[in-house]
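Structure first, commentary second.
What you are looking at is a predicted structure, and each value in this text was computed from that prediction instead of being measured. Note that ligands are numbered from 1 as they come in the structure, with each ligand's atoms numbered from 1 the same way.
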Amino acid sequence: MAATLIKGSEISKQIKEELKKEIALLKEKYNIVPGLTTVLVGQDEASKVYVGAKEKACKELVMYSERNDIPADTTEADLLALIDRLNNDNKIHGILVQLPLPKHINAAKVLYAIDPNKDVDGFHPVNVGKMIIGEPCFLPCTPHGILELLIRSGVETNGAEVVVVGRSNIVGKPIANMLIQKRKGGNATVTVCHTGTKDIASHTRRADILIVAAGKPKTITADMVKEGAVVIDVGVNRLETGLVGDVDFETVKEKAKAITPVPGGVGPMTITMLMYNTVQAAKMAAGIKVEL
Ligand code: NAP
């Protein structure tokens, strides 16, 4: 039987509707408008598209948005000075530095310069550390989006065998950490696979929930998936034939219980969770109780 589709496009709409209500209430009760700024260094075409999408999402939710598009030859010192100014700007609750940065700039130094209370990407080591020890913090947007997809689709993580393929700092490591936390949407037993893993299929075949973030089409084929598994495909690969994930969708969907499509699965959740984090940051700045 073909798998149920876990549609991030629909779940992200639900979350945006909830955020719209929260944003309207913040305006009405406290005169607060959550503000996000993007920092784009240079003219990378894909980065311009991502920054534009974030600006559009802010407009849709009636949030304040600001763009700082600066030349590719901006010095590291000038970029750090800009971050410092944004850290001290009360209209701005979230700062997003679009990666990758040009090679002459130390990306870690720039990301670490962002005030952790405005780090809505969840990449600052203070937030990463809090995530690992299970304290409230800004969770990185893509893995946070995956967690919401699982929770809102009614997928039980408690006691589940989860296998994550990929160990990047932005997807694999954080989602593995989130899923081992002792709380709702966690309490799973997690295995993380990477290119050093021997016999990946022996792990993936055990998974009740299989999360794939490898960055290569057809990393996971039907023979690597347990009958009735839930499969979350994080991959985004642009082929001549169109956009595909890391999972061989056509064959795996016949074996899985539920699967995320590409596009329309994990993708739309990332920006939505960025908006969610920005709204929480605005509440935090005003001393209002937040849910992180
Ligand atoms: P990344 O930094 O390139 O990391 C890929 C990870 O997968 C690495 O840990 C690598 O192992 C592992 N890997 C690669 N091939 C493998 C294989 N055949 N078997 C086992 N492990 C393998 O990628 P990323 O940033 O995590 O992104 C992964 C994918 O998700 C990409 O397609 C990206 O475009 C997509 N993505 C989507 C969103 C979204 O919003 N939908 C957001 C972020 C990323 P090693 O560490 O050993 O090299």
Side-chain angles (χ1 to χ4, degrees), residues 5-12 15-16 38 44-47 49-54 56-57 96-101 107-108 111 120-123 128 138-150 162-179 190-207 210-225 231-239 241-249 252 259-277:
L5 290 185
I6 299 179
K7 292 183 183 161
S9 44
E10 285 178 10
I11 293 174
S12 76
I15 299 173
K16 280 192 204 157
T38 52
D44 179 74
E45 286 307 316
S47 294
V49 171
Y50 292 138
V51 163
K54 286 158 193 170
K56 192 169 155 234
L96 183 131
V97 176
Q98 187 64 48
L99 299 176
L101 289 170
L111 294 179
V120 285
D121 242 347
F123 291 162
V128 175
F138 295 121
L139 296 173
C141 302
T142 301
H144 193 182
I146 296 171
L147 215 59
E148 283 296 318
L149 283 182
L150 293 174
V162 176
V163 175
V164 179
V165 180
R167 58 173 160 190
S168 72
N169 289 336
I170 63 167
V171 188
K173 280 182 198 151
I175 191 62
N177 268 293
M178 290 176 197
L179 285 164
V190 181
T191 303
V192 181
C193 298
H194 42 75
T195 58
T197 304
K198 288 181 191 151
D199 192 4
I200 288 185
S202 69
H203 297 281
T204 58
R205 271 192 222 112
R206 284 190 297 104
L210 177 59
I211 300 174
V212 191
K216 294 195 182 93
K218 296 196 182 177
T219 301
I220 299 297
T221 46
D223 57 311
M224 299 169 81
V225 176
V231 179
I232 306 291
D233 189 353
V234 189
V236 178
N237 304 289
R238 274 167 222 288
L239 304 184
T241 47
L243 217 58
V244 297
D246 291 346
V247 173
D248 185 11
F249 181 82
V252 171
I259 187 168
T260 55
V262 178
V266 175
M269 296 298 288
T270 299
I271 290 187
T272 300
M273 299 324 291
L274 177 71
M275 300 299 129
Y276 176 88
N277 279 350

**Prompt:** Does T38 use its side chain to pair, donor to acceptor, with the backbone of L96 at less than 3.5 Å?
**Reply:** no
**Message:** side-chain contact (heavy atoms from CB on, under 4.5 Å), that's the test. Do T219 and V247 meet it? Break it down for me.
**Reply:** CA-CA 6 Å; T219 301; V247 173; over 6 Å; no
**Item:** Shortest non-hydrogen separation from D121 to V97 and the atoms involved
**Value:** OD2-O, 4.4 Å
**Request:** Please check if the distance between the ring centroids of Y276 and H144 is under 6.0 Å.
**Result:** yes
**Fill in**
For atom 34 (O) of ligand 1, the closest protein heavy atom turns out to be V236 O, 3.6 Å
**Prompt:** Where on K216 is there a heavy atom closer than 4.0 Å to ligand 1, on the side chain, on the backbone, on both, or on neither?
**Reply:** side chain
**Asked** When you measure from atom 19 (N) of ligand 1 to every protein heavy atom, which one gives the shortest distance, and what is it?
**Response** I200 CD1, 3.1 Å
**Message:** On a heavy-atom basis, which atom in L149 and which in G8 lie closest, and how many Å separate them?
**Reply:** CD2-CA, 3.7 Å
**Close N or O approach (R167, ligand 1; < 3.5 Å)** = yes
**Message:** Please check whether G196 reaches ligand 1 - meaning an N/O of the residue sits under 3.5 Å from an N/O of the ligand, judged on distance alone.
**Reply:** no
**Request:** Could you name the option among T270, V234, D246, D233 that has the heavy atom nearest to atom 35 (C) of ligand 1?
**Result:** V234
**Prompt:** Hey, is atom 7 (O) of ligand 1 touched by any protein heavy atom at less than 4.0 Å?
**Reply:** yes
**Asked** Considering all heavy atoms of both residues, which atom of M269 and which atom of G145 are nearest to each other, and what is their separation?
**Response** CE-O, 3.5 Å
**For atom 43 (C) of ligand 1, the protein heavy atom that lies nearest, with its residue and separation** = V171 CG2, 3.8 Å
**Asked** Can you find a non-hydrogen atom of G267 under 4.0 Å from ligand 1?
**Response** yes
**Prompt:** Starting from atom 12 (C) of ligand 1, which protein heavy atom do you reach first, and at what distance in Å?
**Reply:** G166 CA, 3.8 Å
**Asked** So, D233 side chain and T260 main chain: donor-acceptor pair closer than 3.5 Å or not?
**Response** no
**Asked** Of all the non-hydrogen atoms in the protein, which one sits nearest to atom 31 (C) of ligand 1, and at what distance?
**Response** G215 CA, 3.6 Å
**Prompt:** Of all heavy-atom pairs between T221 and V252, which one has the smallest distance, and what is that distance?
**Reply:** C-CG2, 3.8 Å
**Prompt:** Within a strict 4.5 Å, meaning less than it, do heavy atoms of the P174 and L139 side chains meet?
**Reply:** no
**Request:** Report the nearest protein non-hydrogen atom to atom 10 (C) of ligand 1: residue, atom name, distance rounded to 0.1 Å.
**Result:** T195 CG2, 4.2 Å
**Message:** Which residue and atom name correspond to the protein heavy atom nearest atom 3 (O) of ligand 1, and how close is it?
**Reply:** A214 O, 4.5 Å
**Proximal ligand 1 atoms for V165, defined as those under 4.0 Å from one of its heavy atoms** = 20 (C), 21 (N)
**Message:** Can you report which non-hydrogen protein atom sits closest to atom 18 (N) of ligand 1, along with the distance?
**Reply:** T219 CG2, 3.8 Å
